[in-house]
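No hydrogens, no waters, no symmetry mates; every other heavy atom, side chains included, goes into these values. Just so it is clear: chains get the letters A, B, ... in the order the sequence lines come, proteins before strands, and each one is counted from 1. Since we're looking at a predicted model, the values are computed, not measured.
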There are 2 protein chains.
Amino acid sequence: MTETIIDRPARSETASPLQIDLARRILERIRDSGWTVGTRVSVPDLARTFGVSRSPVSAALELLVAQGILSPFETRGLQLARDVADLDPEDILPSSPLEELYRRMMRERALGQLPQEVSEAELMPRYQVSRGVVRKLLLRFAAEGLVQRLPGHGWRFADTLVGEDAYRESYEFRMAVECAALRSPMFNADPQQLAPVRRAHERILAIVSTGKTLIGGDEWFRINASFHEGLAACSGNRFLADAVRQQNNLRRLQESAGFEELPAERIEQSCREHLAILDAVEAGEIEWAEALLRQHLRQASEFASPQRSI
Amino acid sequence: MTETIIDRPARSETASPLQIDLARRILERIRDSGWTVGTRVSVPDLARTFGVSRSPVSAALELLVAQGILSPFETRGLQLARDVADLDPEDILPSSPLEELYRRMMRERALGQLPQEVSEAELMPRYQVSRGVVRKLLLRFAAEGLVQRLPGHGWRFADTLVGEDAYRESYEFRMAVECAALRSPMFNADPQQLAPVRRAHERILAIVSTGKTLIGGDEWFRINASFHEGLAACSGNRFLADAVRQQNNLRRLQESAGFEELPAERIEQSCREHLAILDAVEAGEIEWAEALLRQHLRQASEFASPQRSI
DNA sequence: TAATGCATTTTGATTGAATGAAAAGCAGGA
DNA sequence: TCCTGCTTTTCATTCAATCAAAATGCATTA
């Protein structure tokens, strides 16, 4: 098993997509939980949290060690090595080629460069990848409800959210589902669950107020989604929660066209509205929360609609 | 190209799943449209209807010819050869092995014989099929939202609709979504679309009234689904329609446990309620329709719930 | 007692050539 | 002009073998 010295890239050369994804989620978790330097990082704990075995978690932590975010204890185990409050996971982690392709496809579809109906054979040369990779990408899109198999040959992307119609429909749907979630008799504003959401919003507000940094559209999108999904999750109704999640997936497809970044004041306003809704919910004022939510959805819809109808 | 005489099963030996599926749908279409004997069957027309090319449609028609349902014209083309009003597609068509397995898996899952989390490697020996087949089945389940990939290894079936909780949640969700569909400002009761639904219901009522034949649970399920999905489709909102469809898929998983057939009077009552709702909708009395729908959903839910909670 | 580090087992991804099925094209005929 | 019946072309599945990665087990140590 002893081998040449020059060439031993055996492990860290290739990090699997799962490992990279885990590394990112772990980093976000560390950040959003506000851990202090020196905190011990437990592998079994993380493995339970993310529902995987210890192997990929260990590999993910190795990635973070390589980035200087974690460091070994003197004896054994890992600890947090530096403050991560103002760290953007994007910058740190290499983002697997598969993930890159996924976003590229999504963007090209949103821009109309990719037709609504595609065949695997058509995508292979286009992206210079094997059929297997194409399959995997399409399956991921399919799992998110963004693409469907056609009978016979080919795949078909979901109708995009362009045009007045689609916006109205999406708005109508979210209104129905999210309000139903609030009104659910089993609704329970679990602070445990909503705390990270609230914290993320406050972080955004802090950043905006300094005016120094722009918020990445992608980051805002994730936080926005976490708010709506978190709220729906409090309904204790898996179907309502799933519906909101899927709707967010669709919206992500649209956003990824990246026509323009949202103006900072728009983000700030949404943030405050979200926080107001959280306040109302946690105070048990459900009806007021619903009114605020309706208003919020309406405004967001009106803001988005005219811009898209190019 | 001339070959031995004894052995030429080349084509009809194997009918692809798509061909069988098409044959069934074509047969249902012929039946529900009430075609008369001698009516011409147009291949391009059917191909357009089902969104496939002419090849599989032709093959499907061959299957129907082999069953004596269609026959060639003297010159060319095909015609309807016999009355199909009281024909059960199940009896006629051979139902591909893949379809059989699909149902078997669904049933075993519903009965709890199959665990909620499974690995491909575990399913292969269990059903004596190759990995490819297992994949295909799981992908079909996944497309219907009945199963999800886990990160890492394995697949996880959707939480089943057993227990009080799940029934309440499903009921709550359907109430929210289907009523939102009715209330949609773009709601339009397209008679073209609802006519087949109405006809199917009337056919069921006719059968029930004679008392001779039992309604297959499967058949009633499909008609019930077509009612709710058809209604949602009238909202002109694809998201609402999709949500109803997916909910029906879930319910199908549950029903397939096949604990017991619904009693005929129960089916009859549901039928009448559906027809009353259709009447209200087509008369433009939306509010009344919504009230009826709420009542219908509540009753169906109450009927189903106690029986399942074994 | 529980987490670590490493070893082993299990699971699923990948590959390419052969096969089968669907899509697309075309000439003849209603 | 549209449909039929056939041919050609394109597309996707299959299968088995090899390989990468996740799950699991276990001795060790805090």
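Between A/Leu18 atom CG and A/Ser55 atom OG the span is 10.0 Å, to the nearest 0.5 Å. Note: A/Leu27 CG to A/Arg29 CZ = 12.5 Å, rounded to the nearest 0.5 Å. Within the model, atoms CE of A/Met105 and CD of A/Gln113 stand 12.5 Å from one another, a figure rounded to the nearest 0.5 Å.
Heavy atoms of A/Val41 sit under 4.0 angstrom from primed sugar atoms or phosphate atoms, though from no base atom. No contact: B/Thr75 has no heavy atom under 4.0 Å from any strand.
If B/His153 and B/Val52 are placed on DNA chain C by their nearest nucleotide, the residue sitting closer to the 5' end is B/His153. Projected onto DNA chain D by closest heavy-atom contact, A/Met124 and B/Asp45 fall at different nucleotides, the more 5' of which corresponds to B/Asp45. Residues A/Val43 and B/Glu122 both approach DNA chain C. Their nearest nucleotides, taken by heavy-atom distance, put A/Val43 toward the 5′ side. Each of B/Gly152 and B/Val133 has a nearest nucleotide on DNA chain D; the 5'-most of these lies closest to B/Val133.
The base of D/dA21 is not paired with the side chain of A/Ser16 by any donor and acceptor separated by under 3.5 Å. Contact annotation: side chain of B/Arg54 to base of D/dG5, donor-acceptor pair present below 3.5 Å. Between the side chain of B/Arg76 and the base of D/dC3, at least one donor-acceptor pair of N or O atoms lies under 3.5 Å.
As a whole-Å value, the separation of B/Leu138 CG from C/dA13 C1' is 15 Å. Regarding B/Glu62, its CD atom lies at a distance of 12 Å from the C1' atom of D/dT4, rounded to whole Å. Residue A/Glu74 contributes atom CD, which lies 14 Å from atom P of C/dG5 at whole-angstrom precision. Between the P atom of C/dG16 and the CZ atom of A/Arg131 lies a distance of 13 Å, rounded to the nearest Å. B/Leu22 places its CG atom 13 Å from the C1' atom of C/dA21, with the value rounded to the nearest Å. Between A/Arg135 atom CZ and C/dT14 atom P the separation is 12 Å, expressed in whole Å.
Between C/dA13, D/dA12, D/dC15, one nucleotide has an atom nearer to the side chain of A/Ala121 than all others, and that is D/dA12. Of the listed nucleotides (D/dT13, D/dA23, C/dT4), C/dT4 has the atom at the smallest distance from the side chain of A/Pro44. Set against C/dT15, C/dA22, C/dT14, the side chain of B/Ser53 has C/dA22 as its closest nucleotide. Set against C/dT11, D/dA22, C/dA24, the side chain of A/Ser55 has D/dA22 as its closest nucleotide.
A 4.5 Å side-chain heavy-atom check between A/Tyr127 and A/Val133 finds every atom pair outside the cut-off.
Under the side chain to side chain donor-acceptor pair (under 3.5 Å) criterion, the residue pairs touching residues 141-153 of chain B are B/Tyr102-B/Glu144, B/Glu144-B/Arg252, with sequence neighbours excluded.
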